[in-house]
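Scroll down for the structure; my scribbles are underneath it.
Treat the numbers as computed from the prediction; the structure is a model and nothing was measured. So that the names make sense, note that chain A is the first sequence line, chain B the second, and so on, each numbered from 1. Only this structure's heavy atoms are used, side chains among them; waters, hydrogens and symmetry mates stay out.
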There are 2 protein chains.
Amino acid sequence: MPAKTIPSRNSAAVEDYLERILELINTKGYARVVDIATSLAISQASVTNMVQRLDGEGLLQYEKYRGLVLTTAGETLARNIARRHQLLTDFLKLLGVDDRVIEHDVEGMEHHISPPTLRAIEALTNQLKRRPSLRARLK
Amino acid sequence: MPAKTIPSRNSAAVEDYLERILELINTKGYARVVDIATSLAISQASVTNMVQRLDGEGLLQYEKYRGLVLTTAGETLARNIARRHQLLTDFLKLLGVDDRVIEHDVEGMEHHISPPTLRAIEALTNQLKRRPSLRARLK
DNA sequence: ACTCGAAATTAGCCACGGCTAATTTAGTTG
DNA sequence: CAACTAAATTAGCCGTGGCTAATTTCGAGT
């Protein structure tokens, strides 16, 4: 059995990067530094920096000037982040929150929702989906 | 009409400080640097620093070695923050999330919930309160 | 009034995650 | 195949918000 990876809490920034990288790979087939930078509205230099860090943390494999791919660990993590993002978006959508506000708030809060809380919100969302009368009462 | 205050986005840190300061004032009648530090689990030096900044931003009045009081602006802001915190806590409580998890998650996410989202969650919470059968379905 | 300990402050440091400017690389194109 | 341009990288900077260590202030008690 190989050495365990140190837990190393993932910062909100790390999660944001992974989320966008996965999204780019899913939609374009690859994630270049310039695309990540544009998507996150930050400079290419900042992206290069972070990508090197994520490589060091084993979340992606990166070759200078060549490109990057997510590792298994990185992809698994990114998928979980994306799923959490989608769940929160669906939830707020059901509550009738405006799309712009949803986007803004989810981007902020998603990094702070633990698995148990997420499961609870998921259960609630599912109930809400099959109770249009209840949803109507929320306006 | 006096000069308008510059919007100046309040950081999560600023909100945390104001929240604790109001809580201390409400429970002990005053908020000393040492109490704020203990409550936030950070050093007294960090608190002194931030308190000076909050004074500069007009959220509290601070006199070296003497103490501090919230300004009207600071108190109003702190009350809104506290209310948002309570609302989120109540909501997750109704969902059956564990108290420890609630505390942790609310502390993280509270700073990212905008007023419209908060209102939507409030409305939902109120419906949930009068539907024990629905609540039961969430377990 | 003095002393002494707790509280507060200052000075100087650090990591994070941004930035710009300058440089290097790679790929396309004439 | 040489040159040009877009992409990427490096170097060096900045603000935020923590920290420790050293110093200063305050106030209580003898």
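- Under the rule for a salt bridge (Lys or Arg N to Asp or Glu O under 4.0 Å), A/Arg119 has no partner lying at least two apart in sequence or in another chain.
- B/Arg83 pairs by the salt bridge (Lys or Arg N to Asp or Glu O under 4.0 Å) definition with B/Glu122, not counting sequence neighbours.
- Residue A/Tyr65 belongs to no hydrophobic cluster, having no ILVMFWY side-chain heavy atom closer than 4.5 Å to its own.
- Take B/Arg100 and apply the side-chain contact (heavy atoms from CB on, under 4.5 Å) test, not counting sequence neighbours, and it matches B/Asp98, B/Glu103.
- The ring-ring contact (aromatic ring centres under 6.0 Å, His included) analysis of residues 92-139 of chain B, with sequence neighbours excluded, yields the pairs A/His112-B/His112.
- If you chain together ILVMFWY residues whose side-chain heavy atoms come under 4.5 Å of each other, B/Leu68 ends up grouped with B/Val14, B/Tyr17, B/Leu18, B/Ile21, B/Leu22, B/Leu24, B/Ile25, B/Val33, B/Ile36, B/Leu40, B/Ile42, B/Val47, B/Met50, B/Val51, B/Leu54, B/Leu59, B/Leu60, B/Tyr62, B/Leu70, B/Leu77, B/Ile81.
- DNA chain D is contacted by B/Tyr17 of residues 16-32 of chain B, taking any non-hydrogen atom closer than 4.0 Å.
- Residue pairs satisfying the ring-ring contact (aromatic ring centres under 6.0 Å, His included) criterion with at least one member in residues 28-52 of chain A, sequence neighbours excluded, are absent.
- Listed in residue order, the members of residues 62-71 of chain A having a heavy atom less than 4.0 Å from DNA chain D are A/Tyr62, A/Lys64, A/Tyr65.
- Sorted by residue number, the members of residues 33-52 of chain A with any non-hydrogen atom under 4.0 Å from DNA chain D read A/Val33, A/Val34, A/Gln44, A/Ala45, A/Thr48, A/Gln52.
- Annotation: side-chain contact (heavy atoms from CB on, under 4.5 Å) contacts of A/Ala45 (sequence neighbours excluded): A/Ser43.
- The side chain to side chain donor-acceptor pair (under 3.5 Å) test applied to B/Thr89 returns no partner, not counting sequence neighbours.
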Start with the C-alpha distance between B/Arg131 and A/Leu134, add both sets of side-chain angles, then the distance that settles side-chain contact (heavy atoms from CB on, under 4.5 Å), and finish with yes or no. CA-CA 10 Å; B/Arg131 281 176 173 72; A/Leu134 173 56; 3.8 Å; yes
